[in-house]
Amino acid sequence: MGNENTDEKKNKTILNFIESIIEENLKNGKNDASVHTRFPPEPNGYLHIGHAKSICLNFGIAQKYKGKTNLRFDDTNPVKEDVEYVDAIKEDIQWLGFQWHSEHYASDYFEQLYQWAIQLIKEGKAYVDDLTQEEISKNRGVPTSPGIESPYRNRSVEENLDLFQRMRKGEFPDGSRVLRAKIDMASPNMHMRDPIMYRILHASHHRTANAWCIYPMYDYAHGQSDAIEGITHSICTLEFEVHRPLYDWFCENLKIHHPQQIEFARLNINYTVMSKRKLLQLVQEKHVMGWDDPRMPTICGLRRRGYTPESIRNFAETIGVAKRENVIDISLLEFCVREDLNKKALRTMAVLEPLKLIIDNYPSNKEEYLTAVNNPENPTDGVRSIPFSRELWIERSDFMEDAPKDFFRLTPGREVRLKYAYIIKCENVEKDDKGNVVAVHCTYDPETRSGMPQSNRKVKSTIHWLSAKHAKTAEVRLFDRLFNVPEPDDCCEGKTFIDNLNPNSLQIVTAFIEPEFINTNTLSNYQFERIGYFCIDKDSTSDKPVFNRTVALKDMWTKKQILA
RNA sequence: UGACCAAUGGUGUAAUGGUAGCACUGCAGUUUUUGGUACUGCCUGUCUAGGUUCGAAUCCUGGUUGGUCAACCA
């Protein structure tokens with residue numbers, strides 16, 4: 001309730017620059033005062049958190065202004081695209097919590113785009129160029145000086161028509177000719193120097209198969225696709241800003257609906273990379289387990305890592321939208337997932353690095369069941385029973401033989417509380433030949449079981465534990481950041497982002513978990529008390545659960561240790 | 001040595017000519033049977049030089065810095 005109020009308030013008072021533009025348009029009655037956005041991925045890779053920003057923006061704006069959002073696959077390059085990606089993209093968008101109004105493909109518009117090209121040729125606004133790729137590139141010139149017009153630029157309409165139709169029929173080999181828009185070879189904007197509209201590509205397309213051997217370029221397809229769908233606001237990232245004059249040129253010269261292209265700054269996050277090409281390389285070179293490796297910034301990777309759709313949506317909302325280049329601190333993403341999981345995740349106890357603890361005055365044949373709270377943040381999640389006995393596992397880091405004064409946990413002569421159980425006192429330690437502590441001997445105070453009056457006694461700390469003879473084991477995958485520098489792309493001479501990979505980004509341990517733990521629903525989120533948030537990985541089996549660490553709990557103590 | 005875009009604490013993002021606010025991070029404290037959560041407090045900011053104005057983060061001009069553009073990729 002409180003959240004809804006503040007959200008509403010926020011939505012009303014704080015507009016990002018795109019919403020400001022839209023509200024202005026709405027006020028002026030532009031596009032019949034309607035909003036229709038689209039999310040236009042190319043199906044050549046998996047979606048990542050940067051796409052999530054765009055998805056939340058496009059779908060979010062439509063929701064806010066009671067409009068629609070299309071899903072359109074920008075599939076104009078058959079050699080890079082695949083249905084595998086189409087399916088994955090759709091799954092990711094839905095998992096994030098959005099449903100598109102209708103599903104489209106740029107390839108659905110190939111015939112219309114072709115007819116429009118004919119129209120431009122007839123108007124003398126497009127021509128077939130026989131120059132080689134190298135010649136075209138050379139003639140285009142450089143940004144600081146004008147280009148040179150192609151010798152084929154002034155062919156007759158009839159010849160252009162004939163040539164273009166024969167291009168479609170497949171009479172010419174790949175690369176032999178292109179169709180170009182006749183604009184201005186001297187434009188300071190490189191994209192206006194007679195941009196290529198069509199290239200010959202004798203390649204099978206994932207949807208149109210072999211129906212076409214000429215394919216439109218992005219610039220010739222995108223704006224018109226938007227126009228066909230009646231898109232009102234075509235939101236894209238900053239690098240397309242210089243394409244906008246061309247986007248406008250095609251809409252104007254074709255005399256079709258003219259959506260407004262608006263550019264925003266893409267998302268960057270430190271300690272990771274955010275380009276499809278680089279993510280593909282990580283997968284292909286097997287630096288990670290796959291696109292859905294929990295260390296990847298892909299949406300499927302974050303999902304497998306235990307991130308929730310809500311946490312990602314809230315992240316997208318929190319980072320805002322603007323035109324300035326930005327690098328978001330990874331700690332904000334972590335904050336968003338902790339914030340969400342703190343409310344939702346059931347608590348359980350697990351010991352990742354076990355140390356034996358023996359309660360010398362607890363009868364060896366005795367065992368009892370104690371009540372544990374499933375989620376202190378949500379009483380309706382109820383309670384459970386956990387077994388207690390003489391020999392326990394505790395976390396090795398919860399014991400220290402020679403402890404500094406700010407160490408609150410177990411140390412010889414000190415009392416601590418075993419969560420949900422008794423207050424114990426450390427009496428002595430047992431060591432092996434090399435002097436390593438192999439067990440801690442304690443005594444317990446039977447009057448201090450949780451709930452008893454004596455249990456209110458103040459102790460320095462409370463630690464988690466598991467009954468040694470009852471505990472089950474599980475594989476736990478501890479992930480750390482994939483790269484060990486804030487800007488992996490920022491490499492010195494001769495190095496690449498691969499050289500910045502963190503060799504210790506995955507650590508696998510065998511841990512003890514509560515014996516009653518039977519849930520094997522992939523993706524269920526848990527909090528291992530005092531450790532972090534974990535979720536069940538798809539590699540789990542009924543006899544061997546596998547957990548992924550989503551994110552560690554904030555931990556003042558270990559932070560202090562690292563700094564010291 | 002071109003065009004376009006941008007510049008607010010460590011990181012993001014507001015303030016739409018009128019008190020520079022919010023979130024994250026960091027630091028300190030309160031509460032706590034999680035060194036978690038919650039709560040409180042603190043640190044830290046308008047790139048620069050001029051101009052317009054009673055008043056400028058905001059408008060104008062110059063500079064500086066950063067980004068984008070020279071695929072038959074999107």
Side-chain angles (χ1 to χ4, degrees), chain A residues 10 13-16 20 40-42 44 74-77 79-81 106 129 132-133 136-138 140-147 174-180 187-193 196-201 214-215 217-219 221-222 236-245 263 265 270 276-277 318-336 338-339 342-343 347 349 373 376-377 406-409 416-421 423 450-451 455-456 458-464 527-533 552-560:
Chain A
K10 204 160 64 178
T13 55
I14 299 179
L15 301 179
N16 62 50
S20 301
E42 184 189 12
N44 70 340
D74 252 339
D75 55 352
T76 54
N77 185 3
V79 303
K80 286 188 177 175
E81 296 150 8
D129 197 343
T132 63
Q133 187 166 173
I136 289 176
S137 170
K138 189 161 153 269
R140 188 151 30 221
V142 291
T144 50
S145 63
D174 286 5
S176 58
R177 286 174 226 266
V178 291
L179 183 71
R180 293 230 253 168
S187 170
N189 182 338
M190 298 296 287
H191 297 277
M192 300 301 274
R193 318 248 266 221
I196 291 168
M197 295 162 60
Y198 273 94
R199 75 283 214 188
I200 301 172
L201 237 38
I214 56 171
Y215 290 92
M217 298 289 291
Y218 166 85
D219 282 313
H222 196 91
C236 62
T237 44
L238 246 32
E239 66 269 27
F240 292 101
E241 206 153 23
V242 282
H243 295 241
R244 178 153 32 96
E263 309 85 10
N270 56 15
K276 277 197 207 171
R277 203 206 89 229
T318 306
I319 58 177
V321 181
K323 296 194 74 157
R324 126 177 59 164
E325 298 289 333
N326 61 85
V327 182
I328 305 291
D329 199 316
I330 186 70
S331 65
L332 181 60
L333 220 209
E334 294 176 345
F335 166 80
C336 289
R338 281 195 196 101
E339 183 187 41
N342 176 51
K343 293 180 293 194
R347 313 291 131 122
M349 295 200 279
V373 174
E377 303 293 321
D406 57 349
F407 181 81
F408 302 154
R409 283 108 98 148
V416 300
R417 187 192 311 278
L418 293 173
K419 182 136 185 158
Y420 302 129
I423 292 174
S450 288
S455 72
N456 290 329
K458 282 273 179 244
V459 289
K460 277 265 193 185
S461 74
T462 300
I463 65 174
H464 62 278
Q527 184 196 103
F528 290 174
E529 295 233 27
R530 303 206 306 131
I531 301 176
Y533 295 100
L553 247 34
K554 268 173 74 176
D555 181 353
M556 303 307 260
W557 169 244
T558 48
K559 190 197 279 177
K560 236 156 80 175

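Lettering follows sequence order; numbering is per chain, from 1. Excluded from the calculations below are hydrogen atoms, water molecules and symmetry mates; all remaining heavy atoms, backbone and side chain alike, are included. Keep in mind that what you see is a predicted model, and the values were worked out from it rather than measured.
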Give none if [N] has no partner; otherwise give the nucleotide forming a Watson-Crick or G-U wobble pair with it, both distances under 3.5 Å.
N	result
U13(B)	G21(B)
U68(B)	A3(B)
U37(B)	none
U61(B)	A49(B)
U44(B)	none

Side-chain donor-acceptor pair present, Asp329(A), Ser331(A), cut-off under 3.5 Å: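 Indeed, the side chains of Asp329(A) and Ser331(A) share at least one donor-acceptor pair under 3.5 Å.
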For [N] and [X] - does any side-chain N or O of the residue sit under 4.0 Å from the phosphate oxygens OP1/OP2?
X	N	result
Thr76(A)	A74(B)	yes
Arg244(A)	A3(B)	no
Lys458(A)	U33(B)	yes
Ser137(A)	A71(B)	yes
Arg199(A)	C73(B)	yes
Lys323(A)	A7(B)	no
Arg193(A)	G2(B)	no

Please evaluate the base of [N] for a donor-acceptor partner in the side chain of [X] within a cut-off of under 3.5 Å?
X	N	answer
His191(A)	A3(B)	no
Arg338(A)	G36(B)	no
Glu325(A)	U68(B)	no

Would you indicate which nucleotide in [options] comes nearest to any side-chain atom of [X]?
X	options	answer
Pro376(A)	G12(B), G36(B), A70(B)	G36(B)
Lys80(A)	C73(B), G36(B), U13(B)	C73(B)
Thr462(A)	U25(B), U16(B), U34(B)	U34(B)
Ile328(A)	C24(B), G12(B), U33(B)	G12(B)
Thr144(A)	U37(B), G35(B), G2(B)	G2(B)
Asp74(A)	U33(B), G26(B), A74(B)	A74(B)
Asn77(A)	U1(B), C73(B), U33(B)	C73(B)
Gln527(A)	G12(B), U25(B), U34(B)	U34(B)

Per-pair stack call Trp557(A) and G35(B), 5.5 Å, 30°: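 Yes; by the centre-distance and plane-angle rule, Trp557(A) counts as stacking on G35(B).
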Pair Lys419(A) + Glu529(A), salt bridge at N-O below 4.0 Å: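 Salt bridge flag = yes for Glu529(A) with Lys419(A).
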